[in-house]
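Reminder, nothing fancy here: chain letters follow the sequence lines and each chain counts from 1. Atom set for the values below is all heavy atoms of this structure, side chains included, hydrogens, waters and symmetry mates excluded. Given the structure is predicted, the values throughout are model-derived calculations rather than measurements.
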Amino acid sequence: AQKVTQAQTEISVVEKEDVTLDCVYETRDTTYYLFWYKQPPSGELVFLIRRNSFDEQNEISGRYSWNFQKSTSSFNFTITASQVVDSAVYFCALSEVTSGTYKYIFGTGTRLKVLA
Amino acid sequence: NAGVTQTPKFRILKIGQSMTLQCTQDMNHNYMYWYRQDPGMGLKLIYYSVGAGITDKGEVPNGYNVSRSTTEDFPLRLELAAPSQTSVYFCASSYMRAEETQYFGPGTRLLVL
């Protein structure tokens with residue numbers, strides 16, 4: 001069965017520290033997509049990144065970087081030099097189409113608190 | 001472009017009442033989705049639509065109904081509200097295939113008492 005696990009419920013760091021948010025997924029499909037979304041205190045969901053199962057290249061965008069490893073079924077997210085504005089709940093998600101049925105599974109989220 | 005808009009932002013319902021949550025997107029997206037987010041939890045898919053006139057159930061469809069008469073609109077109907085439906089409801093859309101990035105509305109907070 002498809003599943004996304006974000007084992008870290010809440011993380012607190014001091015500003016300028018680096019922090020890694022873990023995401024482990026389960027799927028039987030060979031073709032799937034992984035996402036990270038940010039939900040700031042205001043409540044909206046903001047797309048951060050999408051990665052397909054055939055592209056294991058790591059990606060860096062400013063202070064954000066993502067490490068996708070199929071061997072460990074993980075898609076971890078690192079924030080370098082964290083800032084107070086990074087405080088939010090971060091969700092990892094898995095998307096796939098199996099036998100014509102669409103599935104989009106979210107993890108339970110990791111609440112990140114960045115303290116000044 | 002307004003993106004994905006949802007109304008109302010907040011609503012209190014009594015048990016047994018019905019209501020429709022509105023969702024509109026102006027990006028000409030074919031796929032639209034409804035999720036619910038319970039406190040401290042991730043999102044769960046209620047229903048989705050791959051185009052006008054086509055809808056399908058997600059993970060938690062019981063107690064809800066949807067319709068898709070136009071590309072732009074995807075209303076979610078609660079017929080007999082129950083306390084278990086207290087949640088934040090998010091509508092989202094994506095251009096074509098299910099694996100594409102979803103764009104979310106601001107959410108509707110629903111309280112059933």
CD1 of A/I105 to NZ of B/K44, rounded to nearest 0.5 Å, is 9.5 Å
Linked, directly or transitively: B/Y64 and B/L110 (ILVMFWY side chains, under 4.5 Å): yes
Separation between CG of B/D38 and OG1 of A/T108, rounded to the nearest 0.5 Å: 12.5 Å
Using 30° and 60° as the class limits, which term best fits the ring planes of A/F106 and B/Y35: parallel, tilted or perpendicular? perpendicular
Tell me, side chain or backbone of B/Y103 under 4.5 Å from chain A's heavy atoms, or both, or neither? neither
Other residues, nucleotides and ligands only: do more than 12 of their heavy atoms fall within 6.0 Å of NZ on A/K70? yes
Flag if over 12 foreign heavy atoms under 6.0 Å of CD1, A/I60: no
If you group Ile, Leu, Val, Met, Phe, Trp and Tyr by side-chain heavy-atom gaps below 4.5 Å, do B/W34 and B/V88 land in one group? no
Nearest non-hydrogen partners of B/Q37 and A/F91, listed with the distance: NE2-CZ, 3.1 Å
Tell me whether A/V114 is reachable from A/L48 by hopping between hydrophobic residues (I, L, V, M, F, W, Y) whose side-chain heavy atoms are closer than 4.5 Å. yes
Please indicate whether B/R109 has more than 12 foreign heavy atoms, meaning atoms of other residues, nucleotides or ligands, lying under 6.0 Å from its CZ. no
Could you walk me through whether A/F35 and B/Q102 pass side-chain contact (heavy atoms from CB on, under 4.5 Å), step by step? CA-CA 10 Å; A/F35 301 80; B/Q102 296 189 9; over 6 Å; no
Filtered by a 4.5 Å non-hydrogen cutoff, the part of residues 36-47 of chain A contacting chain B is A/Y37, A/Q39, A/G43, A/L45, A/F47
Determine, using the 4.5 Å side-chain heavy-atom cutoff (strictly less than), whether B/V66 and B/I46 are members of one ILVMFWY cluster. yes
State plainly whether one hydrophobic cluster holds both B/M41 and B/F104, where clusters connect Ile, Leu, Val, Met, Phe, Trp and Tyr through side-chain heavy atoms under 4.5 angstrom apart. no
